There are 2 protein chains.
Amino acid sequence: MTSDVSQSARDAGAGGGGPRWLDAEEQRAWRAWLYSNQLLADRLDRELTHGTGISHAYYEILVALSETEGRMMRMSELADRCLSSRSRLSHAVSRLEERGWVRRQVCAEDGRGQLAVLTDEGFAALEAAAPVHVESVRRHLFDQLTPRQVEAMRDLGETLLRHLGPR
Amino acid sequence: MTSDVSQSARDAGAGGGGPRWLDAEEQRAWRAWLYSNQLLADRLDRELTHGTGISHAYYEILVALSETEGRMMRMSELADRCLSSRSRLSHAVSRLEERGWVRRQVCAEDGRGQLAVLTDEGFAALEAAAPVHVESVRRHLFDQLTPRQVEAMRDLGETLLRHLGPR
DNA sequence: CCGGAATGGATGAGTGCTCAACCAGTGTTG
DNA sequence: CAACACTGGTTGAGCACTCATCCATTCCGG
């Protein structure tokens, strides 16, 4: 017998209102989800970082900027887009500024606001990194899945997003 | 027209051997996966941390230890189980030791090895945290999904694990 | 049994993230 | 238009993770 926490709690017969423990099937699904996500995210970040010197967090920022008119965006909008806190983004943009890939610019319509602007060097760095990243995603994700599984993945993701989503 | 990197690369007609860009359907699946995972992992970690003072990383360590005979495990085995580097685990165990939840013990069969041992205080902390965590997982994950979706999630996770898996 | 390679793990520097505090500019209310 | 709350963003301290390096022990070939 192990000292598994949920098991001993169940043995003790946690009365009504007690935690709704996971059954064996749920445990298995949860573990598979947790491990595969962690391993995949880790692998993708590692390959991107080692292959290009850009972490996935920075990559997301550069991508978001590259997709806008004028390659610029308000700091807080950028933070939302990157699922980042404002503080985190502010720190990250500072570091990207040191690399010369982004610069800050005060916002015309709102004196409080700042615009993060992607520089040409930043865009070039992104262009160099993108093929590396997309190849990783393909190899470790899409190449492993059938079209039905890809659809299931999208369905799952979108279902969860409706719950967790941007508010 | 935006300055989207993959689009401009496709426009330029990257010849044979160029990156295998994602099509619209794949993009959508990828984004949904990426965002939902990030948001979910974030939410679970946050609720656990705020509700119990234990981060998900620490929680995983305590769980792994609690599930073994004698509530102890070799450092490197524990690292593998937690998908952690040895260095990371070593640092983490040091911090858990400061809290009095784990202690180190030299391994009898191999003088180089160390055993991480879960203390009674550590086990108690885990017992207190487990219901909080399982409730989060249920609310934000299983309560949102149909049984078919749960099965799809397990299938996806296990498929990816076979590729990424522990070697 | 001796010497070197391999293994298990610890350590420290550098970087990134979180949280709380803070500042400047804007909106709102009388 | 003065006072105050609110918003957008930055900053610094503290914690966590990575990477390279290091030390101790064990394994292995002669």
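Chain letters run A, B, ... following the sequence lines, proteins first and then strands; every chain starts at 1. Since the model is a prediction, treat every value here as computed from it, not as a measurement.
The pair B:Glu135-A:Arg20 counts as a salt bridge, with a side-chain nitrogen and a carboxylate oxygen less than 4.0 angstrom apart.
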Could you check A:Glu97 against A:Arg103 for salt bridge (Lys or Arg N to Asp or Glu O under 4.0 Å), going step by step and ending with a plain yes or no?
CA-CA 5 Å; A:Glu97 232 174 347; A:Arg103 65 187 160 74; over 6 Å; no
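Here the shortest heavy-atom pairing between B:Val132 and B:Ala128 reads CG2-O, 4.0 Å. Residues A:Ala64 and A:Arg81 come closest through the heavy atom pair CB-CG, 4.1 Å. Pairing each heavy atom of B:Leu156 with each of A:Ala152, the nearest pair is CD1-C, 4.3 Å.
Considering A:Leu96, A:Leu126, A:Leu62, A:Asp45 in turn, A:Leu62 is the only one that fulfils the side-chain contact (heavy atoms from CB on, under 4.5 Å) rule with A:Ile54.
Counting distance only, with no hydrogens placed and no angle test, the side-chain atoms of B:Ser87 and the base atoms of C:dT11 include a donor-acceptor pair under 3.5 Å. Scanning atom types as modelled, no donor and acceptor separated by under 3.5 angstrom connect the side chain of A:His91 and the base of C:dT15.
When rounded to the nearest whole Å, the span between CG of B:Leu89 and P of C:dG8 equals 14 Å. In this structure, B:Asp45 places its CG atom 14 Å from C1' of C:dC19, rounding to the nearest Å. What separates CD of A:Glu60 from P of C:dG16 is a distance of 16 Å, to the nearest Å. As rounded to whole Å, 13 Å separates atom P of C:dC17 from atom CG of A:Leu83. C:dT11 atom C1' lies 18 Å from atom CZ of B:Arg88, rounded to whole Å. Atoms CZ (A:Arg95) and C1' (C:dG16) sit 5 Å apart, rounded to a whole Å.
Using a 4.0 Å heavy-atom distance criterion, A:Ser94 is classed as making no nucleic acid contact. Residue contacts shown for B:Ser55 are absent, as no nucleic acid heavy atom lies under 4.0 Å away.
Listed by residue number, there are no residues of residues 96-104 of chain B with a heavy-atom contact under 4.0 Å to DNA chain D.
Sorted by first then second residue, the salt bridge (charged side-chain N to carboxylate O under 4.0 Å, His left out) pairs that include residues 22-40 of chain A, not counting sequence neighbours, are A:Glu25-B:Arg154, A:Glu26-B:Arg138, A:Arg28-B:Glu158, A:Arg31-B:Glu60. Sorted by first and then second residue, the side chain to side chain donor-acceptor pair (under 3.5 Å) pairs with a member in residues 50-59 of chain B read B:Tyr58-B:Arg95; sequence neighbours excluded. Sorted by first then second residue, the ring-ring contact (aromatic ring centres under 6.0 Å, His included) pairs that include residues 135-159 of chain B, not counting sequence neighbours, are A:His163-B:His140.
Partners of B:Asp80 by side-chain hydrogen bond (donor to acceptor under 3.5 Å, both in side chains), not counting sequence neighbours: none found. Annotation: side-chain hydrogen bond (donor to acceptor under 3.5 Å, both in side chains) contacts of B:Gln27 (sequence neighbours excluded): none.
Other residues sharing a hydrophobic cluster with B:Val106 under the 4.5 Å side-chain heavy-atom criterion for ILVMFWY residues do not exist; the residue is a singleton. In this structure, B:Val117 shares a hydrophobic cluster with B:Met72, B:Leu115, the cluster being traced through Ile, Leu, Val, Met, Phe, Trp and Tyr side chains under 4.5 angstrom apart.
Mapping A:His50 and A:Gly113 onto DNA chain D by nearest heavy atom places A:Gly113 closer to the 5' end of the strand.
For the helix from C:dC1-D:dG30 to C:dG30-D:dC1, the angle separating the two terminal helix axes comes to 20°, with each axis derived from five pairs and the value rounded to 10°.
Bracketed by its first and final contacts, the part of DNA chain D lying under 4.0 Å from non-hydrogen atoms of chain B reaches from D:dA16 to D:dT26 in 5' to 3' order.
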Please tabulate, for the side chains in residues 85-92 of chain B, all donor-acceptor contacts under 3.5 angstrom to protein atoms that are two or more places apart in sequence or on a different chain.
{"from": "B:Ser85", "atom 1": "OG", "to": "B:Arg88", "atom 2": "N", "distance (Å)": "3.0"}

Generate the contact string for nucleotides 21-28 of chain C. Rules: B means base contact, S means sugar-phosphate contact only, - means no protein heavy atom under 4.0 Å.
----BS--
